Protein chains: 2
Amino acid sequence: MIRLLLAEDQGMMRGALALLLGMEHDIEVVAQVGRGDEIVDAALVARPDVALLDIELPGRSGLDAAADLRDEVPDCRVLILTTFGRPGYLRRAMEAGAAGFLVKDGPVEDLAEAVRQVLRGETVIDPALAAAALSAGPNPLTGRERDALAASVDGATIADIAASLHLSESTVRNYLSSAIGKTGTRNRMEAVRAARQQGWL
Amino acid sequence: MIRLLLAEDQGMMRGALALLLGMEHDIEVVAQVGRGDEIVDAALVARPDVALLDIELPGRSGLDAAADLRDEVPDCRVLILTTFGRPGYLRRAMEAGAAGFLVKDGPVEDLAEAVRQVLRGETVIDPALAAAALSAGPNPLTGRERDALAASVDGATIADIAASLHLSESTVRNYLSSAIGKTGTRNRMEAVRAARQQGWL
DNA sequence: ACCTGGCCGTGACAAATGTCCCGGGTGCCT
DNA sequence: AGGCACCCGGGACATTTGTCACGGCCAGGT
């Protein structure tokens, strides 16, 4: 029996996946969580063989949780399941030690098979996505540029960002200008969008 | 047997829901589509008793499709299933003649029961959401203010918006300024965010 | 010891944005 | 006929944003 942990914030999706995977004769869902910061605790208790993690989770990113699992529950293989096949996500997932990366498009039938593959030690990745990730190159943004961009979502003003990062307004504008340049965009909003698209952020 | 049409863009979610609902003894999934502009055609062919529609769909909004169905396939009851329980969405769903409104949180078990309820002529709505929709009041934005806001997502400049709406830049700025005032925000981005949050847009 | 790159800041400037006036036109309701 | 709301535009103005040039600090690599 493959012991599976399932982390997904949308209740209906989580329930549906749990039911479907539980119907497989060789899979048993031993833990379900809806928040990223509950993953490690649940894994320590339930001792799953495979963790199926969404990326966008409240509390803690599934990618960060994957890195945590590698340290704290090394026997557990990680399979990332996400809505967005962003190159940067895939790259970060691999760096965090994930064994597989699936997007929520594509048929459900693949899911159980992917779980079995990662347990056999194989790596499962959509080939097209892998190519995109390689061709896109790594994240060119520095840490602070990322911070500034991330803080500027939802229409925060320069003053807001400066306050939230404890920086001067001039500095923030320099970082943002730099990020706009690196993303090849015309303003904050486009830069945020572009960075999101790539999975930087 | 309840004949069901399922419209949902995320392949895995669609597949999972189809399998789960198909396992119910009294439900048969007679059509699955992944785009909003395929809903009416599919319904005309499959003649479902109930249509389970996501809102955010490529091609055409599930809310618009619900209005279409009321006109073209009036026997078919509409049940809206959405990620975001936004007051404006609920309001628009009701105006489009939907018989029910579910959010994708909450247990899958409710789903089949909700389908049966709408078929019996009952209306299914989360009470808390209904209260929020009533207390929020109707959409205060005029048609053009909505257009201008919608066109300003993703960092379009005033010039871009003016071009895409065939308006002068002055006009666009006036509309945006008005929308910013009505939403009680400080700039475009906040206004867009606030309007989205409410389900205006 | 030097160079590089990230980090943090200032000042000045041009461009974009948001606000407040104003005008005219239309259609709808009373 | 008047009032009202929406549509469309112009002009002036203050504010915000984005760019550029320029400092200094610190860590790492050669």
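In what follows, every heavy atom counts, from backbone to side chain, and hydrogens, waters and symmetry copies are set aside. Here is the naming used below: chain letters follow the sequence lines, and residue numbers restart at 1 for every chain. Treat the numbers as computed from the prediction; the structure is a model and nothing was measured.
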_Can you list, in residue-number order, the parts of residues 157-178 of chain B that come under 4.0 Å of DNA chain D, counting heavy atoms only?_
B/Leu167, B/Ser168, B/Ser170, B/Thr171, B/Arg173, B/Asn174, B/Tyr175
*For residues 184-201 of chain B, which residues have at least one heavy atom under 4.0 Å from DNA chain D?*
none
*asked:* Does B/Gly143 reach a base, just sugar-phosphate, or nothing at all? Heavy atoms under 4.0 Å.
replied: sugar-phosphate
*Checking side chain to side chain contact (heavy atoms under 4.5 Å, CB included) for the pair A/Leu81/B/Met12: CA distance, chi angles, key distance, verdict?*
CA-CA 10 Å; A/Leu81 175 67; B/Met12 200 156 285; 3.8 Å; yes
_Quiz question: by atom type and distance under 3.5 Å, do the side chains of A/Glu56 and A/Ser61 form a donor-acceptor pair?_
no
*asked:* Hydrogens and angles aside, do B/Thr183 and B/Glu190 bring a side-chain donor and acceptor to less than 3.5 Å of each other?
replied: no
*Nearest heavy-atom neighbours spanning A/Ala195 and A/Leu149*: CB-CD1, 3.9 Å
_Tell me if a side-chain donor or acceptor on A/Arg188 pairs with a main-chain N or O of A/Ser152 at a distance below 3.5 Å._
no
_Atom CZ of residue position B/Arg70 - does it have more than 12 heavy atoms of other residues, nucleotides or ligands inside 6.0 Å?_
yes
_Other residues, nucleotides, ligands: >12 heavy atoms within 6.0 Å of B/Arg60 CZ_ = yes
Rounded distance (nearest 0.5 Å) linking atom [atom1] of [X] with atom [atom2] of [Y]:
{"X": "B/Thr82", "Y": "B/Leu63", "atom1": "OG1", "atom2": "CG", "result": "8.0 Å"}
{"X": "B/Arg86", "Y": "B/Leu129", "atom1": "CZ", "atom2": "CG", "result": "11.5 Å"}
{"X": "B/Lys104", "Y": "A/Arg14", "atom1": "NZ", "atom2": "CZ", "result": "14.5 Å"}

*Spacing of A/Arg144 atom CZ relative to D/dC25 atom C1', expressed in whole Å*: 15 Å
*Earliest and latest nucleotide of DNA chain C, 5' to 3', sitting under 4.0 Å from a non-hydrogen atom of chain B?*
C/dT17 to C/dC20
